[in-house]
2 protein chains.
Amino acid sequence: MSSKLFVSAQEVAEKAGVSRSAVSRTFTPGASVSAETRRRVLEAAEALGYHVNHLARGLMRNESGIVCLIVSDVATPYRSALLRELTIQLQNAGKVAMFINTDRSDGSVDRALQQAIRYRADASIILSGLPDKSITQLCLRNGQRLVLINRDDDQPGPLKINLDDFESGGRIATAFVRAGCRVLAFANSEAGTPSLMRRERGFVAAAAKLGLDVTVERHGSTGYEAGKVLAQRMLTRAERPDAVFCATDLLACGLMDAARHQFGLSVPRQLCVAGFDDIEQASWSSFDLTTFAQPVMTIATRAVEWLGSGRDDATSEVEHSVRLTAELIWRGSIRAG
Amino acid sequence: MSSKLFVSAQEVAEKAGVSRSAVSRTFTPGASVSAETRRRVLEAAEALGYHVNHLARGLMRNESGIVCLIVSDVATPYRSALLRELTIQLQNAGKVAMFINTDRSDGSVDRALQQAIRYRADASIILSGLPDKSITQLCLRNGQRLVLINRDDDQPGPLKINLDDFESGGRIATAFVRAGCRVLAFANSEAGTPSLMRRERGFVAAAAKLGLDVTVERHGSTGYEAGKVLAQRMLTRAERPDAVFCATDLLACGLMDAARHQFGLSVPRQLCVAGFDDIEQASWSSFDLTTFAQPVMTIATRAVEWLGSGRDDATSEVEHSVRLTAELIWRGSIRAG
DNA sequence: ATTGCGATTGCACACACGTGCAAGCGGATG
DNA sequence: CATCCGCTTGCACGTGTGTGCAATCGCAAT
């Protein structure tokens, strides 16, 4: 029946009695169109339900307006919060977010970037995994901007946004000691993600400076279940820790739950706990977790600002790197000094 | 310097010593190309880093491969889980997800759909809000498929996926009564979302059949904080409820936390609680929440399958509606009968 | 009346791709 | 050898848009 396709600028032009160029100019800010023609075009467009075809526009302008978000573990609280902020700010900047999930194999980050190239994305923001150097080069050579968030990589070209993980580890160590803790432990995943390893090393180093050893335990992913397992391992040791810094809030939640419900320990009286990310659950009264807040809003702002910044090749050779500090959110999982 | 744009099929053709058509056919499944030309084309493409321009391809085929996901409150556990499943399945079906966040005003759902039209999305999946009928018609007229998930709407054309919310309310009411509860309550948000209202009405109706009244309290959004407020209101009543069905797991978590930590109540001994969604936190031992699981995987499967199904106009007039049942996940927040 | 000038408009081309059509080519059959 | 047939391949056109260039138009000044 009405297998009519999308309405094109040509049809609008005919209905308005003007040339197709006039239609195009009407929808191009800053183009030269008289008020009268503009009015007639807009009227016809409204009547016909015309919308500029961004595929064709992107083809012409060599600028699709698409920004790819490459993510795994979207269902994780921290990831989804960051995703939320990024999409909102991208939209405010007139871009549109294309979402690529890399929950499968690890090489899929490369395939994701290829997808980004196929759709001529103006930029790609990588939240998970690390692309192969050859793919990165391919993207840059094609004029595609790249942003790496909390990914460690020394390739020049992409914008790299990182936190002061190492220093955070140090700050929490002194907080533990000030609270009277003597047996410190660090709970990590066994993924070996660089940012998590920096937290670990910062914590261990600071503790050493304070004359304390740290028992490090690593297991599984960065989720709740892994936290429970880590609690099993740590809290059955001969010398039971009285303070645990967890690489992630989810780990901390699992560890706290196990400590309380399986080992009958009281937090923070018998066990102090700290996490990282400041996910929403950290503020729930069941956890009331002292943790470091990822500056999600700032991360998104910086990334989007940089995407909008000039395309001048002059700066394309310098090292783009941003270091943000994670704010310590003081709650009740560490007893007062 | 190397302000070279993306490499086009033309350049590949020249390097391979064939016509541009040959290149195009090489990347079009089912086209007629000899093995030899195909090899040379692929070789040249690899060397130059060529990738088919999906914008141009979409322009030709009238099929962009883009599917729009229109969502608000992405950072919510249930939403992000559904989002995860949808993106994975869309990718497996050869589509790519475009993400539109509608966290702002309510009319923004319409603007989101306009964005979908501009990018000539093959389909849009709406997880939040409800578009205006005129926009819906515009989408359908342009051949764009529409999927509404847990949105109530009687417009023909879109695929509507819903749950048996009303019956779920009934099932949990009998479970409460069987557990010996006598004073029932329902905790809802004041948003008035149809699916939430169905849960409420189903619960109230079933309770009435069992000869029991239900005090209904509504407040704020569907989040944790609202649950705490609702607990304040309910647990200070003269006749304190001994069973609360919450429209949402997040509400239930907030309510449980307040009941325990502010009112010193024991769950489930003094207060039985049930939720809806089966978010990950519901299984955490701090909550151990009995709840209904949204069949996230099935929802995504059905949606993506329908998108891939034939474009025949024969079925375009029939009512597309899917009703799924939410499975009751029995945990420890309701005492055993 | 002629000239000059700025604003507007239409033509035509470019963007990167898919595909129908006809030409070419090789081989097999009569 | 002529004919036919199937497989390839190049040409040319179409998809919807932005934009440089030249033409046109209106208006004021000479």
Side-chain angles (χ1 to χ4, degrees), chain A residues 3-42 44-45 48-66 117-122 142-144, chain B residues 3-42 44-45 48-66 117-122 142-144:
Chain A
S3 73
K4 185 71 182 49
L5 275 323
F6 289 84
V7 23
S8 75
Q10 180 64 47
E11 310 176 39
V12 177
E14 286 166 9
K15 182 173 184 92
V18 298
S19 83
R20 196 185 55 72
S21 309
V23 178
S24 184
R25 284 190 241 266
T26 300
F27 292 99
T28 303
S32 165
V33 204
S34 76
E36 170 61 11
T37 9
R38 175 184 211 80
R39 192 190 59 73
R40 294 174 60 184
V41 167
L42 287 178
L48 266 54
Y50 170 74
H51 290 265
V52 178
N53 186 335
H54 274 47
L55 300 183
R57 165 178 287 189
L59 198 55
M60 266 298 303
R61 290 198 183 157
N62 266 327
E63 185 176 343
S64 60
I66 297 175
I117 292 182
R118 290 198 199 94
Y119 278 96
R120 297 304 189 255
D122 298 337
N142 288 344
Q144 184 169 126
Chain B
S3 73
K4 184 76 179 50
L5 276 322
F6 289 84
V7 24
S8 74
Q10 180 64 46
E11 311 177 39
V12 177
E14 285 166 10
K15 182 172 182 94
V18 298
S19 83
R20 197 186 55 72
S21 309
V23 178
S24 186
R25 283 190 242 266
T26 300
F27 292 99
T28 304
S32 166
V33 204
S34 76
E36 171 62 12
T37 3
R38 173 182 213 81
R39 193 190 56 74
R40 294 174 60 185
V41 168
L42 287 178
L48 266 54
Y50 169 75
H51 290 265
V52 177
N53 186 333
H54 273 48
L55 301 184
R57 166 177 286 188
L59 199 54
M60 263 300 301
R61 292 199 181 157
N62 266 326
E63 185 177 344
S64 60
I66 296 175
I117 292 182
R118 290 197 198 93
Y119 278 97
R120 298 303 189 256
D122 298 339
N142 288 343
Q144 185 169 124

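Note: hydrogens, waters and symmetry copies are ignored here, and every other heavy atom, side chains too, is used. The sequence lines fix the lettering, A, B, ..., with proteins before strands; numbering per chain opens at 1. Just so we're clear, the structure is a prediction, and the values are computed from it rather than from any experiment.
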At less than 4.0 Å, is any side-chain N or O atom of B/Arg57 found next to OP1 or OP2 of C/dC17? Yes or no. no
Whether A/Thr28 side chain and A/Ala31 backbone form a donor-acceptor pair below 3.5 Å: no
Kindly say if B/Thr37 contacts the phosphate of D/dT9, meaning a side-chain N or O under 4.0 Å from OP1 or OP2. yes
Please classify the nucleic acid contact of B/Phe27 as base, sugar-phosphate, or nothing, using heavy-atom distances under 4.0 Å. nothing
So, under a plain 3.5 Å distance rule, would you say the side chain of B/Ser19 forms a donor-acceptor pair with the base of D/dC11? no
If you look at every strand shown and take non-hydrogen atoms under 4.0 Å, does B/Ser24 touch a base, only sugar-phosphate, or nothing? base
Side chain of B/Ser21 - closest among C/dT19, D/dG14, D/dG18: C/dT19
Between P on C/dA16 and CZ on A/Arg118, what's the gap in Å once rounded to a whole number? 17 Å
Return no unless some side-chain N or O of B/Tyr119 is found under 4.0 Å from OP1 or OP2 of D/dG16. no
Using a cut-off of 4.0 Å on non-hydrogen atoms, how would the nucleic acid contact of A/Val23 be classed: base, sugar-phosphate, or nothing? nothing
Of the listed nucleotides (D/dT15, C/dT9, C/dC13), which one gets closest to any side-chain atom of A/Arg20? C/dC13
Which nucleotide sits closest to the side chain of B/Val18: D/dG10, D/dT17, D/dG16? D/dG10
Roughly how far, to the nearest 0.5 Å, is NE2 of A/His54 from OG of B/Ser64? 13.0 Å
Provide, to the nearest angstrom, the distance between the CD atom belonging to A/Gln10 and the C1' atom belonging to D/dT17. 12 Å
Base D/dG16 to side chain B/Arg120, donor-acceptor N/O within 3.5 Å cut-off: no
Within the 3.5 Å criterion, strictly below it, is a donor on B/Ser21 or B/Ser24 matched to an acceptor on the partner's side chain? no
Decide yes or no, distance alone: a donor-acceptor N/O pair under 3.5 angstrom between the base of C/dT8 and the side-chain of A/Arg25. no
What is the nucleic acid contact for A/Thr28, judged by heavy atoms within less than 4.0 Å: base, sugar-phosphate only, or nothing? sugar-phosphate
Considering every strand and a 4.0 Å limit on heavy-atom distances, what is the contact class for A/Ser32: base, sugar-phosphate, or nothing? base
Side chains of A/Val7 and A/Val12: does their closest heavy-atom pair fall under 4.5 Å? yes
Side chain of B/Ser34 (C-beta onward), nearest among C/dG10, C/dC17, D/dT9: D/dT9
Centroid separation A/Phe27 to A/Tyr50 less than 6.0 Å: yes
